[in-house]
S.K.: 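Can you keep this structure in mind? I'll have questions shortly.
Below, chains carry the letters A, B, ... as their sequence lines are ordered, and counting in each starts from 1.
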Amino acid sequence: MKIMDFLSTKAVSANIKSADKDSVLKELVGVLIDAGDVDKKNKNKLIELLKAREALGSTAIGQGVGIPHAKSDCVSSLTAAFGVSKKGVNFESLDGEPVYIFFLLLAPQDSAGPHLKALARISRLLKDKYFRESLKSAEDEKSVLKIIQQEDEKKI
Amino acid sequence: MAIKSIKKNIIVKNKQGLHARPAALFVQIANRFDSQITVGKDNEVVNGKSIMGILTLGATRGSEIVLEAIGSDAEEAILELERLLARDE
């Protein structure tokens with residue numbers, strides 16, 4: 001599975017402005033709505049689902065990466081939004097580090113398999129420090145996309 | 001204390017495999033021990049104290065992983081981690 005299989009080219013933000021956890025979740029859902037990947041009417045529901053998931057334990061997975069996620073049938077297949085915060089956000093990560101790189105993942109109910117594969121793919125790419133650093137310093141959405149697409153092609 | 005090395009093959013029992021939450025729990029437990037801990041699957045071996053590392057494996061329910069702990073508390077570490085992986089949730 002490739003990142004670009006579940007990330008649409010429009011669902012990308014190179015400049016996440018929110019400074020706290022709840023606002024970031026809202027902003028990322030907004031990115032998905034603006035991209036046309038989810039309907040605006042689902043906005044509040046999705047934010048609540050994402051918050052509920054965070055309440056079970058932070059989805060920050062270390063190295064400045066966060067993968068907020070939820071299951072909802074307002075998407076028919078795995079759908080992601082990507083965002084970079086220049087300042088970093090306190091996301092209650094286990095390692096105490098702020099989160100700079102966000103992958104928001106929405107999966108329909110009963111999609112444990114694809115969800116796990118997507119998490120594996122995201123982790124595989126983001127384990128690379130150079131990749132993370134280039135994403136953090138990307139100037140705009142176009143560069144972010146280019147960096148992700150290149151890495152997605154390069155890695156098996 | 002003597003350095004021990006313990007290796008154990010384990011079948012993942014968690015319903016949805018090693019997704020984000022069990023991976024985070026795994027790392028939280030692993031970090032309580034001084035031993036070096038790794039998790040292997042197929043031809044890949046990752047750091048058992050890294051959530052990202054564990055997620056990389058994409059271990060589904062029923063898949064076989066190899067836990068290895070090296071250190072003075074290796075035995076306890078494997079015991080605790082095995083207990084987590086045997087949970088059916």
S.K.: With a cut-off of 6.0 Å (strictly less than), are more than 12 heavy atoms of other residues, nucleotides or ligands near NZ of A:Lys136?
M.R.: yes
S.K.: In this structure, would A:Ile147 and A:Ile16 fall into the same cluster of hydrophobic residues linked by side-chain contacts under 4.5 Å?
M.R.: no
S.K.: Would a single hydrophobic cluster contain both A:Val38 and A:Leu105, if residues Ile, Leu, Val, Met, Phe, Trp and Tyr are joined by side-chain heavy-atom contacts under 4.5 Å?
M.R.: no
S.K.: If you count the non-hydrogen atoms of other residues, nucleotides and ligands that lie under 6.0 Å from CD in A:Gln109, is the total more than 12?
M.R.: yes
S.K.: Hey, which of A:Val65, A:Leu94, A:Ile122 has the most heavy atom pairs under 4.5 Å with chain B?
M.R.: A:Leu94
S.K.: Examine whether an atom of A:Leu119 lies under 4.5 Å from a heavy atom of chain B, and if so say whether it belongs to the side chain, the backbone or both; otherwise answer neither.
M.R.: both
S.K.: Please report the closest heavy-atom contact between B:Met52 and A:Ser123, naming both atoms and the distance.
M.R.: O-CB, 3.4 Å
S.K.: What part of A:Ala118 lies closer than 4.5 angstrom to a heavy atom of chain B: side chain, backbone, both or neither?
M.R.: neither
S.K.: Are B:Gln16 and A:His115 packed together at the side-chain level, in the sense that at least one heavy-atom pair is separated by less than 4.5 angstrom?
M.R.: no
S.K.: Could you walk me through whether B:Arg21 and A:Arg53 pass the side chain to side chain contact (heavy atoms under 4.5 Å, CB included) check?
M.R.: CA-CA 9 Å; B:Arg21 199 158 61 247; A:Arg53 170 58 186 86; 3.6 Å; yes
S.K.: Tell me, for A:Arg121 versus chain B, whether the close heavy atoms (under 4.5 Å) come from the side chain, the backbone, both or neither.
M.R.: neither
S.K.: Take atom CD of B:Glu75 as the centre, draw a 6.0 Å sphere, and report whether it contains more than 12 heavy atoms from other residues, nucleotides or ligands.
M.R.: no
S.K.: NZ of A:Lys43: more than 12 outside heavy atoms within 6.0 angstrom?
M.R.: no
S.K.: Quick one: pull up NE2 in B:His19 and CG in A:Leu116 and give me the separation to the nearest 0.5 Å.
M.R.: 8.0 Å
S.K.: Less than 4.5 Å to any heavy atom of chain A: does that hold for the side chain of B:Ala59, its backbone, both, or neither?
M.R.: backbone
S.K.: Can you tell me how far OG1 of B:Thr60 sits from NZ of A:Lys117, rounded to the nearest 0.5 angstrom?
M.R.: 8.5 Å
S.K.: Please indicate whether A:Lys86 has more than 12 foreign heavy atoms, meaning atoms of other residues, nucleotides or ligands, lying under 6.0 Å from its NZ.
M.R.: yes
S.K.: Can you say whether A:Lys127 sits under 4.5 Å from chain B via the side chain, the backbone, both, or neither, judging by heavy atoms?
M.R.: both
S.K.: Does NZ belonging to A:Lys26 count more than 12 external heavy atoms closer than 6.0 Å?
M.R.: no
S.K.: Give, as side chain, backbone, both or neither, the part of A:Ile67 having an atom under 4.5 angstrom from any heavy atom of chain B.
M.R.: side chain
S.K.: Heavy-atom distance under 4.5 Å to chain A: side chain of B:Ile54, backbone, both or neither?
M.R.: neither
S.K.: Can you tell me how far apart CD (A:Gln63) and CD1 (B:Ile51) are? Round to the nearest 0.5 Å.
M.R.: 10.0 Å
S.K.: Is the NZ atom of A:Lys155 crowded by more than 12 outside heavy atoms at less than 6.0 Å?
M.R.: yes
